[in-house]
A.B. asks: 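Dropping a structure here in structure tokens format, bear with me for questions.
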Amino acid sequence: MTMQRWFLLTLVLVFILLAVAPPQPVAASEASGPRIGLVLAGGGARGAAHIGVIKVLEELRIPIHAIAGTSMGALVGGAYAAGLPAEVLEQRLAEVDWNELFDDNPPRSEWPARRQEASLTPTFNFSIGMRNGQAKLPPGAIAGQKVQLFFNDLVKGAETISNFDALPIPFRAVATNLENGKMFVFDHGPLPVAMRASMAVPGIFTPMLWKDYIFVDGGLVRNLPVDVARSMGVDHLIVVNLSSSFLPRDQLGNILGVAGQMVAILTEQNVKVSLAEIDPQRDLLIVPDLGDIGSGDFPRAIDAIATGVTAARQAAPQLRRFSLSPAAYAAWKRARFGTNAPVQRVSQVRIQGLKRVNPEVFEPLIDAQQGEAFDRDQLERDIQRLYGRGDFERISYRFETDEAGDDLLIVNAVEKPWGPNYLSFGLGLSSDNQGDSRFGLRATYTKTWANRLGSEWRSELQIGNEPRLFSEWFQPFDLEHSGFAAAYIDISDTPYSVFDGDQRVARYDVTRMHLGVDIGSTRNHLDMRIGPYWGITDVNLDTGSSELPEGDVKDSGLRARIVHDTLDSAAVPRSGLRLELDIKNPLEALGADQSYTRALIKAAGARTRGANTIAARFKAGSSFGDTMPYYDQFPLGGFLKLSGYANEQFRANDMAFGALAYYRQIASLPTPIGRGLFLGASLEAGWISNSTFSDRRKIEFQLAPEETRFGGSLFFGSDTWIGPAYLGWGLSAAGDHAFYVLIGRPD
């Protein structure tokens with residue numbers, strides 16, 4: 001056979017094979033296939049559906065060459081673009097405690113002792129800032145402190161990449177410029193900053209300040225950024241819209257619901273424009289059926305992912321045209337996932353943004369990182385410790401690479417723009433429905449960072465039937481408060497009832513004025529102070545026999561206090577321990593009319609498993625054989641203090657009390673409204689020595705015999721961002737009962 005015939009036969013065989021062989025998908029990396037863009041809409045928790053869609057895209061071996069996302073779409077899209085596959089994304093979202101993530105504060109047990117003590121105020125509390133004589137409100141309910149740290153950890157393999165085209169998958173995040181309402185497209189910068197700016201829902205999240213711009217949620221201007229993705233040089237778009245996220249009427253009764261609905265209304269208007277930009281011939285639209293999953297239902301993120309899977313699989317016949325061969329897709333995936341490494345070593349640490357706070361408070365953070373192997377966990381602990389001081393709106397970090405290729409750690413500390421002075425308003429109310437009702441309106445002014453050591457001036461004014469004026473200048477000797485001096489004045493007017501058995505026989509108004517100076521130290525969870533004071537007490541009989549004593553009493557002396565506090569909440573603790581020893585010692589040598597020693601020790605602790613908490617309280621007081629004035633004797637009686645009896649029905653020179661309470665969280669409250677609603681019960685026992693009434697003239701009346709008494713209660717409580725509140729019913733072993741209403745923290 002000639003060579004020419006061999007050639008003709010070969011051509012015929014090739015044509016036959018081409019005619020009968022099944023068509024194969026053409027890889028984008030093979031023969032310069034089409035470039036695919038992914039558009040991910042915003043929608044809060046509903047945006048978790050994007051992960052489900054991406055899972056199916058991976059199953060179908062569809063490569064993505066560009067991503068544009070808004071809000072939650074920017075979170076998912078940014079993480080995927082940074083090299084996290086869908087499986088890892090799903091796992092990370094499943095592990096998140098969303099209530100914890102949206103609570104900016106570190107645990108109360110990690111706060112400085114002074115901030116812990118301020119949280120013990122037994123009233124509802126609401127704070128605003130004071131600057132240059134003007135009142136200022138926080139710009140958002142959630143500062144996003146922990147959210148920002150979560151984003152840093154999520155994309156840690158790509159956090160040194162500043163150009164978003166250099167990410168494993170080119171990426172764009174859409175935000176709104178709050179000053180002019182225009183769309184801003186992040187194509188460079190720290191990736192966590194872009195993600196956080198894109199999802200700053202107005203009224204809920206604090207706006208993101210970056211390079212002199214103020215950004216809020218991109219959904220206000222482009223919730224479905226079809227045009228942004230199209231501009232990235234793609235041939236086809238896979239567009240994931242989350243449908244309408246309007247809230248039902250029953251969810252519009254609070255500020256979070258109203259803010260969310262406002263965003264939803266604005267969002268739907270621009271989504272209609274974006275939907276019209278989709279080309280049915282080139283693009284594919286996927287709309288997961290999210291049912292009743294709302295934009296705030298973050299604990300249902302896994303359910304939302306499942307809806308994305310379902311919707312994408314329904315669109316699989318149309319999606320397969322973008323599929324690669326197994327070998328080509330494996331090569332594409334290897335080039336994009338797992339290729340980046342987190343920062344290993346920090347060459348230098350820089351602190352930015354400080355104006356009032358002394359930069360030296362950041363020295364422990366700098367020492368732990370600069371020139372050392374990067375320890376992300378330690379950095380986050382140090383950042384949260386600093387944030388717990390209460391001076392900052394947000395503390396975040398990012399990395400930059402210098403000309404030598406070294407990694408620089410930049411810590412951005414944003415001080416509260418509504419500080420450094422704060423005005424708080426509080427409301428306190430208690431009633432035992434047995435004749436003792438107390439109420440007070442309180443205003444507290446706090447001036448922070450009055451000098452470089454962090455001195456503080458705190459003044460409190462309370463009006464009502466228990467008025468008080470308190471003012472203290474707190475001067476630390478160093479930034480860690482390992483030594484301090486505190487000068488104070490405390491003037492109060494308190495009603496005191498005198499009971500003879502179960503009968504109220506008199507009521508006094510006791511006005512006290514104390515001036516004093518304490519020297520103390522704070523270390524870890526321990527706060528100690530001791531100092532002299534000058535005091536005078538004016539005892540005025542309001543109702544009762546005219547034979548009862550009244551008049552002025554001088555009670556100058558010494559006082560000391562030691563506190564160890566690790567409770568997670570001052571209102572409704574679920575974990576931790578608080579120990580307190582308080583000693584007061586009026587001394588005739590310092591001008592007191594009567595010398596005696598008053599020592600009180602208190603302990604409170606709690607343990608929780610699931611929704612169930614067991615809490616224990618104990619306190620004991622003694623005058624060590626001295627006879628104290630009636631107003632300084634140790635009281636018992638009232639809600640959770642021998643429930644069933646009247647408030648402070650018993651007073652004595654020696655006392656011991658213990659209580660065991662159980663409460664169950666029956667509902668959680670969305671952050672930042674509060675922690676939850678509780679139902680509980682308590683069992684209580686208290687012993688007092690012989691109850692007597694005495695004054696400085698040593699006149700004594702026997703009121704109640706030495707005895708151990710028992711009580712218990714059932715109660716409903718709430719722990720909210722402005723304070724706790726309780727409704728309770730108490731019953732004593734003697735058959736006495738009382739109903740209690742309390743706004744504020746039980747004493």
Side-chain angles (χ1 to χ4, degrees), residues 107-122 385 388-389 454-456 458 460 470 472-490 512 514-535 555-571 573 575-587 590 592 595-606 615-626 628 632-635 641 653-659 745-747:
R108 179 181 176 276
S109 60
E110 298 177 14
W111 295 1
R114 188 159 178 81
R115 189 181 178 200
Q116 285 183 334
E117 195 67 22
S119 71
L120 294 172
T121 301
R385 173 183 56 81
R389 296 175 65 100
S455 62
E456 179 180 296
R458 182 175 181 269
E460 176 184 316
F470 174 84
E472 180 186 66
W473 179 270
F474 178 82
Q475 179 59 63
F477 301 148
D478 55 41
L479 290 171
E480 296 302 320
H481 297 181
S482 58
F484 65 83
Y488 64 90
I489 179 172
D490 191 355
R512 299 186 180 195
H514 286 169
L515 297 172
V517 177
D518 288 338
I519 300 296
S521 176
T522 298
R523 293 184 181 276
N524 296 326
H525 303 295
L526 192 65
D527 181 72
M528 302 173 288
R529 61 168 61 196
I530 186 172
Y533 70 90
W534 174 86
D555 59 354
S556 303
L558 296 173
R559 74 165 191 172
R561 190 184 65 171
I562 301 175
V563 177
H564 172 82
D565 193 346
T566 62
L567 291 179
D568 69 322
S569 169
S575 65
L577 175 69
R578 177 179 170 86
L579 300 173
E580 179 179 354
L581 173 62
D582 201 327
I583 300 174
K584 176 184 176 182
N585 187 195
L587 295 169
L590 294 180
S595 292
Y596 56 89
T597 300
R598 184 185 193 274
L600 175 66
I601 185 170
K602 296 192 290 187
R617 297 172 62 218
F618 170 80
K619 60 182 177 180
S622 178
S623 63
F624 304 101
D626 293 333
M628 297 188 293
D632 258 353
Q633 292 178 358
F634 302 104
K641 299 178 294 185
N653 292 306
D654 299 286
M655 171 273 297
F657 171 82
R745 186 180 64 87
D747 187 9

A.B. asks: How would you list, by chain and number, every residue that makes a side chain to side chain donor-acceptor pair (under 3.5 Å) with D626, sequence neighbours excluded?
C.D. replies: none
A.B. asks: Is a donor from one side chain sitting under 3.5 angstrom from an acceptor on the other, for D632 and Y596?
C.D. replies: yes
A.B. asks: Who are the side chain to side chain contact (heavy atoms under 4.5 Å, CB included) partners of S622, not counting sequence neighbours?
C.D. replies: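 Checked S622 against side chain to side chain contact (heavy atoms under 4.5 Å, CB included); matches are F624, D654.
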A.B. asks: Any sub-3.5 Å donor-acceptor pair from D527's side-chain atoms to A113's backbone N or O?
C.D. replies: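 No.
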A.B. asks: Parallel, tilted or perpendicular: which describes the rings of H564 and H525, with under 30° parallel and over 60° perpendicular?
C.D. replies: perpendicular
A.B. asks: What pairs with S595 under side chain to side chain donor-acceptor pair (under 3.5 Å), at least two apart in sequence or on another chain?
C.D. replies: none
A.B. asks: Could you tell me whether the side chain of F477 reaches within less than 4.5 Å of the side chain of S482, counting heavy atoms only?
C.D. replies: no
A.B. asks: Any salt bridge (charged side-chain N to carboxylate O under 4.0 Å, His left out) pairs touching residues 514-525, not counting sequence neighbours?
C.D. replies: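 The answer is D518-R529, D518-R559.
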A.B. asks: Regarding K602 and D582, does a basic nitrogen lie under 4.0 Å from an acidic carboxylate oxygen?
C.D. replies: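 Not counted as a salt bridge, because no side-chain N and carboxylate O are separated by less than 4.0 Å.
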A.B. asks: Side chains of R458 and W473: closer than 4.5 Å at any heavy-atom pair?
C.D. replies: no
A.B. asks: How close do P112 and G388 get, heavy atom to heavy atom, and via which atoms?
C.D. replies: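 Taking P112 first and G388 second, the nearest heavy atoms are CD-O, 3.2 Å.
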A.B. asks: Going by side chain to side chain contact (heavy atoms under 4.5 Å, CB included), name the residues that satisfy it together with L479, two or more places apart in sequence or in a different chain.
C.D. replies: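 If we apply the side chain to side chain contact (heavy atoms under 4.5 Å, CB included) test to L479, skipping adjacent residues, the hits are N358, E360, V361, W449.
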A.B. asks: So which heavy atom on P476 is nearest to which on S455, and how close?
C.D. replies: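 Answer, listing the atom of P476 first, then S455: CD-CA, 3.6 Å.
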A.B. asks: D568: what forms a salt bridge (charged side-chain N to carboxylate O under 4.0 Å, His left out) with it, not counting sequence neighbours?
C.D. replies: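 For D568 the salt bridge (charged side-chain N to carboxylate O under 4.0 Å, His left out) partners, ignoring immediate neighbours, are R675.
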A.B. asks: Which heavy atom of A599 sits nearest a heavy atom of I583, and at what distance?
C.D. replies: CB-CG1, 4.2 Å
A.B. asks: Can you name the side chain to side chain donor-acceptor pair (under 3.5 Å) partners of E580, sequence neighbours left out?
C.D. replies: R578
A.B. asks: To the nearest 0.5 Å, what is the distance between CG (D555) and CG (L587)?
C.D. replies: 10.5 Å
A.B. asks: Which pair of non-hydrogen atoms, one from R561 and one from E117, has the smallest distance, and what is that distance?
C.D. replies: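 The pair with the smallest heavy-atom distance is NH1-OE2, 3.1 Å.
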A.B. asks: Could you state the interatomic distance from CG (L558) to CG (N585), rounded to the nearest 0.5 Å?
C.D. replies: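 Here the rounded value is 6.0 Å.
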A.B. asks: Who pairs with M655 by side chain to side chain contact (heavy atoms under 4.5 Å, CB included), at least two apart in sequence or on another chain?
C.D. replies: L600, K619, F634, L636, F657, I688
A.B. asks: Using ring pair (Phe, Tyr, Trp, His ring centres under 6.0 Å) as the criterion, list what pairs up with F474, not counting sequence neighbours.
C.D. replies: H481, F484
A.B. asks: Any side-chain heavy-atom pair from R598 and S623 closer than 4.5 angstrom?
C.D. replies: no
A.B. asks: If I compare all heavy atoms of I562 with all of M528, which pair ends up nearest, and what's the gap?
C.D. replies: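 It is CG2-CG, 3.9 Å.
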A.B. asks: R114: what forms a salt bridge (charged side-chain N to carboxylate O under 4.0 Å, His left out) with it, not counting sequence neighbours?
C.D. replies: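 E456, E472.
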A.B. asks: Nearest heavy-atom pair of P573 and A606: which atoms, and what distance?
C.D. replies: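 P573 and A606 have their closest heavy atoms at O-CB, 3.6 Å.
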A.B. asks: Salt-bridge test for E110 and R108: reply yes if a basic N is under 4.0 Å from a carboxylate O, no otherwise.
C.D. replies: no
A.B. asks: To the nearest 0.5 Å, tell me how far I601 CD1 sits from L581 CG.
C.D. replies: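 So the gap between those two atoms works out to 5.5 Å.
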A.B. asks: Got a sec, which residues hit side chain to side chain donor-acceptor pair (under 3.5 Å) with R617, two or more places apart in sequence or on another chain?
C.D. replies: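 Residues passing side chain to side chain donor-acceptor pair (under 3.5 Å) with R617: none at all.
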A.B. asks: Out of curiosity, S521 OG to E480 CD, how far, rounded to the nearest 0.5 Å?
C.D. replies: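 The OG atom of S521 sits 11.0 Å away from the CD atom of E480.
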A.B. asks: State the OG-CG distance between S556 and L590, to the nearest 0.5 angstrom.
C.D. replies: 7.0 Å
A.B. asks: Applying side chain to side chain contact (heavy atoms under 4.5 Å, CB included), can you list everything that pairs with R385, at least two apart in sequence or on another chain?
C.D. replies: P364, D382
A.B. asks: Without swapping roles, check the side chain of D565 against the backbone of L567 for a donor-acceptor pair under 3.5 Å.
C.D. replies: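 Here the side-chain-to-backbone pair exists.
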